[in-house]
Each structure stands twice: as C-alpha cells, then as structure tokens.
Amino acid sequence: MDAPVLAASVALEDVLIVGGALFAIGLYITLAKRNAVAVLMGIELMLNAVNLTLIAFSRFVDFSRFGEGTRPIDGHVFVIFVITVAAAEAAVMLALVVAVYRHRQTIDIDRINVLRG
Amino acid sequence: MLSALTVGAAGMVIVVRNLLHALLFLILSFVGVAGLYITLSADFIAVVQVLIYAGAIAVLMIFSVMLTPLSDRDNAEGLLRLPALVLSGLVATGIAFVAIETDWQVTSESSFENTSVAIGEALLSPFVLPFEIASVLLVAAMIGAIVLVRED
C-alpha cells in the first residue's frame with residue numbers, strides 16, 4: 001500500500017487553504033453569475049469545500065482528547081449525509097430551472113423578477 | 001499538484017464564457033477533490049465523490065444545460081460582481097489566516113484503513129435515524145423533481 005506515503009505528504013493547513021479557496025470561488029460564482037445553472041455550480045463547489053474540510057479534520061485531529069463517543073469516522077459519515085443532501089438539492093434545483101424556463105423563456109436570474117412591485 | 005488542479009479548474013469555471021465548458025471544468029474540479037480525498041486516506045468517500053458528483057450531478061447539469069437553448073448558454077456576471085468579489089476575497093483571506101495561525105494539535109497516529117466497514121457500522125448503529133431521514137429526503141426530492149417538470 002502506498003496510501004500512507006501519499007497521506008504523509010499532506011499537511012492540514014494546506015488542505016484547509018484549498019478548502020477556503022474553493023469555498024471563496026463557489027461564493028463568488030453563486031453571488032455574481034446570472035445563469036441559474038451557474039449559481040447551482042457555485043453552491044456545489046461550496047459544499048465540496050466543506051466536505052474537504054470535514055475529511056481533513058477527521059484525518060488529522062486527535063480525537064482521543066474529546067473523550068468517549070467521538071470517533072474519526074464520524075466526519076466521513078457527515079460527508080456522506082452532505083453528499084446525499086447535495087444530490088437531492090441538485091435534482092430539485094434543476095427541475096426548478098426547467099420549470100422556470102418553460103414559464104418565462106429565460107433562466108437569467110436578473111430577469112426573473114415577477115415579485116417586483 | 002492536486003490542489004493546484006482543483007483550485008485552477010474551479011477558477012476556470014469563473015473565467016470561461018461558455019456554460020458547457022464551465023461545467024466540464026467543474027467536473028475536473030470534482031475529480032481533483034476526489035484525488036485529495038484519496039491522499040487524506042478517505043477511500044470510500046473518494047469513490048462516492050466520483051460516482052455522485054462527477055457522475056450523477058454532472059449528468060443532471062449537462063441535461064439542464066442542454067434543455068435550455070443556445071442563447072441562454074452564456075456565463076456572464078450580473079450586477080453583484082464587485083460586492084461578490086470583495087466578500088469572497090474576505091472569506092478566502094479569513095480562512096487562510098485562521099488555517100495558518102491556529103495551532104492545530106495534529107495527531108501523529110497513522111491513517112485508518114478500510115473506511116467502508118467503519119462507515120457502514122457507524123451508519124447503522126449511532127446514525128440510524130439520520131440515515132432514515134436522508135432516505136425520506138431523497139424520496140421527497142425525487143417526487144418533487146418529477147412533479148415540477150411534468151407536463152400537465
């Protein structure tokens with residue numbers, strides 16, 4: 001197995017910085033893009049960044065300090081749940097995009113302003 | 001190397017003008033994140049990432065891009081461009097500062113092996129209720145998606 005050799009070359013700070021950069025890019029895409037599908041892509045990037053951070057902490061943090069009932073694998077279970085919710089959310093959001101396109105002939109979220117008074 | 005690939009591909013999602021090309025760069029970024037999971041000795045999560053993100057969600061997005069016509073396939077920025085840039089820059093510098101300055105008490109014990117067995121046991125003994133709620137959520141989302149796109 002060469003997996004431990006790979007894992008030894010990664011530091012916690014590096015993974016956290018990569019996660020932060022991914023989150024910032026996803027935040028920018030979510031706020032600034034005009035296409036609804038692009039906004040969804042930004043949201044998925046942010047969820048990925050959070051998952052990466054969870055995995056990094058569950059790999060590196062010394063869980064014996066926290067007493068009984070905490071195990072490193074709990075971070076992996078959290079990531080499983082986040083991926084599940086992200087998949088459900090992507091399905092609903094893309095169905096919404098298709099439905100909005102049928103009614104309004106656009107998915108530009110700057111032009112979907114039916115509620116404007 | 002993997003980190004540069006991941007962040008670079010995510011940055012290209014911002015830059016590229018064609019929405020379909022941006023989507024392909026997003027898939028590349030997902031695969032890079034899966035590689036990072038492998039280096040963090042999370043093998044099961046890496047496989048799940050490739051299957052669900054790079055597989056299922058990417059196919060869903062390609063479908064929804066293809067279902068809208070060519071004229072709506074641009075990737076332009078809207079009115080919020082400058083505030084979004086400032087806010088995401090602040091978030092990135094804040095996270096980087098905290099990550100560097102904090103004294104993380106890193107464990108020295110070696111990585112776990114065979115995470116899938118441990119994940120399966122954790123899902124079925126302490127996490128049974130969230131597991132069932134997640135399955136109900138998936139069913140609800142599936143029915144909701146079907147109802148939303150149904151022609152009536």
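Sequence lines set the chain letters: A, B, ... in the order given, protein chains first and strands last, and positions in each chain run from 1.
Contact count versus chain A (heavy atoms, under 4.5 Å) is highest, among B/Gly89, B/Pro83, B/Ala118, B/Ala4, for B/Ala118. Chain A forms the most heavy-atom pairs under 4.5 Å with one residue out of B/Gly144, B/Ser135, B/Ser64, and that residue is B/Ser64. Ranked by heavy-atom pairs under 4.5 Å with chain B, the list A/Asn51, A/Leu40, A/Leu47 is led by A/Asn51. Heavy-atom pairs under 4.5 Å with chain A peak, among B/Ala141, B/Ala84, B/Ala56, at B/Ala84.
The hydrophobic cluster containing B/Leu137 does not contain B/Ile52, counting ILVMFWY residues as joined when their side-chain heavy atoms lie under 4.5 angstrom apart, directly or transitively. When the side chains of ILVMFWY residues are joined at heavy-atom separations under 4.5 Å, either directly or via intervening members, B/Ile62 and B/Met12 end up in a single hydrophobic cluster. The hydrophobic cluster containing B/Phe25 does not contain B/Val31, counting ILVMFWY residues as joined when their side-chain heavy atoms lie under 4.5 angstrom apart, directly or transitively. Under the 4.5 Å side-chain contact rule for hydrophobic residues, B/Leu87 and A/Val50 share a cluster. Residues A/Val82 and B/Val128 fall into different hydrophobic clusters, defined by Ile, Leu, Val, Met, Phe, Trp and Tyr side chains chained together at heavy-atom separations under 4.5 Å.
A/Arg59 and B/Ser41 make their closest contact through CD-OG, 3.6 Å (heavy atoms, listed as atom of the first residue, atom of the second, distance). Considering all non-hydrogen atoms of both residues, A/Ile83 and B/Tyr53 come closest at CG1-CE1, 3.9 Å. In terms of heavy atoms, A/Leu22 sits closest to B/Ala10 at CD2-CB, 3.6 Å. In terms of heavy atoms, A/Arg102 sits closest to B/Arg150 at NH1-O, 4.2 Å. Minimum interatomic distance between B/Ala134 and A/Thr84 (heavy atoms only, all atoms of both residues): CB-CG2, 4.1 Å. Considering all non-hydrogen atoms of both residues, A/Ile25 and B/Gly11 come closest at CD1-N, 3.9 Å.
Contacts of B/Thr6 with chain A are made by both backbone and side-chain atoms, with heavy-atom separations under 4.5 Å. Both the backbone and the side chain of B/Ile119 come within contact range of chain A, each with at least one heavy atom under 4.5 Å from a heavy atom of that chain. Residue contact with chain A, scored on non-hydrogen atoms closer than 4.5 Å, involves the backbone and the side chain of B/Leu85 alike. Heavy atoms of A/Ala86 lying under 4.5 Å from chain B belong to its backbone as well as its side chain. Proximity to chain B involves both the backbone and the side chain of A/Leu96, based on heavy atoms less than 4.5 angstrom apart. Heavy atoms of B/Ile95 lying under 4.5 Å from chain A belong exclusively to its side chain. Contacts between A/Val98 and chain B at a heavy-atom distance below 4.5 Å involve the side chain alone, from C-beta outward. Of the atoms belonging to B/Leu23, heavy atoms from both backbone and side chain fall under 4.5 Å from chain A. The contact between A/Val85 and chain B is made by backbone and side chain atoms together, counting heavy-atom distances below 4.5 Å. Only the side chain of A/Phe81 comes within contact range of chain B, with heavy atoms under 4.5 Å apart.
With a 4.5 Å cut-off on side-chain heavy atoms, B/Ser88 and A/Leu31 do not count as touching. Side-chain contact between A/Leu94 and B/Phe63 is absent, with no heavy-atom pair separated by less than 4.5 Å. A heavy-atom distance below 4.5 Å is not found between the side chains of A/Leu16 and B/Val98.
Residue pairs meeting the salt bridge (charged side-chain N to carboxylate O under 4.0 Å, His left out) criterion with at least one partner in residues 80-99 of chain B, sequence neighbours excluded, are B/Glu77-B/Arg81.
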side-chain contact (heavy atoms from CB on, under 4.5 Å) between A/Leu45 and B/Ser29: does it pass, once the steps are laid out?
CA-CA 9 Å; A/Leu45 263 184; B/Ser29 179; 3.9 Å; yes
In sequence, state the C-alpha distance, the side-chain angles, and the governing distance for A/Val77 and B/Phe131, and then conclude on side-chain contact (heavy atoms from CB on, under 4.5 Å).
CA-CA 10 Å; A/Val77 178; B/Phe131 183 63; over 6 Å; no
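The side chain to side chain donor-acceptor pair (under 3.5 Å) check on A/Glu44 picks up nothing, with sequence neighbours excluded.
Taken to the nearest 0.5 Å, the CG atom of B/Leu40 stands 8.0 Å off from the NE2 atom of A/His76. In this structure, NZ on A/Lys33 lies 9.0 Å from CG on B/Leu19, to the nearest 0.5 angstrom.
The only option from A/Ile55, A/Asn48, A/Val79, A/Leu52 that meets the side chain to side chain contact (heavy atoms under 4.5 Å, CB included) definition with B/Gln49 turns out to be A/Asn48.
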